[in-house]
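Below, each value reflects all heavy atoms present in this structure, side chains not excepted, and no hydrogens, waters or symmetry copies.
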Amino acid sequence: MGKKLWILPALFIGYILYQKYVFSKTFSVFFKDLDFSRMSLLDPTVNLVVQVNNPTPITAEIQAIRGTLTVDGIEVGNVLGITPTVLQTGSSLLNIPVTLSYYGVTGLIQKYKDTKFSYTFKGTIVIDYITLPLNFGYPTVNG
């Protein structure tokens with residue numbers, strides 16, 4: 001009887017790993033808005049507001065986000081991390097703080113006089129110690 005006690009922990013760990021696998025395949029992120037309200041000369045930060053969809057019945061914790069914000073091919077800022085956030089079941093909004101680069105922003109201003117631009121975000125997100133790609137963009141945003 002004692003030799004088969006390993007089956008229960010193995011089943012439990014297998015179930016948790018299966019839930020994480022399902023989460024990694026169904027997790028999705030959609031762009032909602034750019035928030036410039038925290039922007040200042042001393043703190044050049046813009047928030048990417050995204051909708052995060054978690055269709056699984058489990059909650060998950062976002063440990064880290066890393067990535068680069070590119071506007072029309074010019075790197076304008078980086079995400080160095082976020083405060084750990086609990087991701088509930090269903091959809092929720094997430095603010096991703098992007099620290100802007102003065103060099104990138106001035107290069108963008110010099111290149112464009114039009115108020116329309118497109119952007120992409122390429123990076124990774126760590127959710128419950130699983131690293132997933134986090135790539136999204138928007139073809140045209142009116143500035």
_Given Leu48, Val52, Val49, the one that forms side-chain contact (heavy atoms from CB on, under 4.5 Å) with Lys32_ = Val49

Is the closest side-chain heavy-atom distance between [X] and [Y] below 4.5 Å?
X     : Y      : result
Ile96 : Leu134 : yes
Val79 : Val98  : yes
Val76 : Tyr119 : no

[X] versus [Y], closest heavy-atom pair with distance:
X     : Y      : result
Arg66 : Phe121 : O-CZ, 4.3 Å
Gln51 : Ser91  : NE2-CB, 3.5 Å
Pro97 : Thr45  : CB-CG2, 3.9 Å

*Identify whether Leu87 and Leu94 are in the same connected component of the hydrophobic contact network (ILVMFWY, side-chain heavy atoms under 4.5 Å).*
yes

*Does Val126 share a hydrophobic cluster with Phe136, counting links as ILVMFWY side-chain heavy atoms below 4.5 Å and allowing steps through other members?*
no

First locate atom [atom1] of [X], then atom [atom2] of [Y], and finally report the distance between them rounded to the nearest 0.5 Å.
X      : Y      : atom1 : atom2 : result
Ile125 : Ile130 : CD1   : CD1   : 11.5 Å
Glu61  : Ile127 : CD    : CD1   : 10.5 Å
Thr68  : Lys122 : OG1   : NZ    : 10.0 Å
Leu69  : Leu100 : CG    : CG    : 7.5 Å
Asn95  : Asp35  : CG    : CG    : 6.5 Å

*Any sub-3.5 Å donor-acceptor pair from Asn53's side-chain atoms to Val29's backbone N or O?*
no

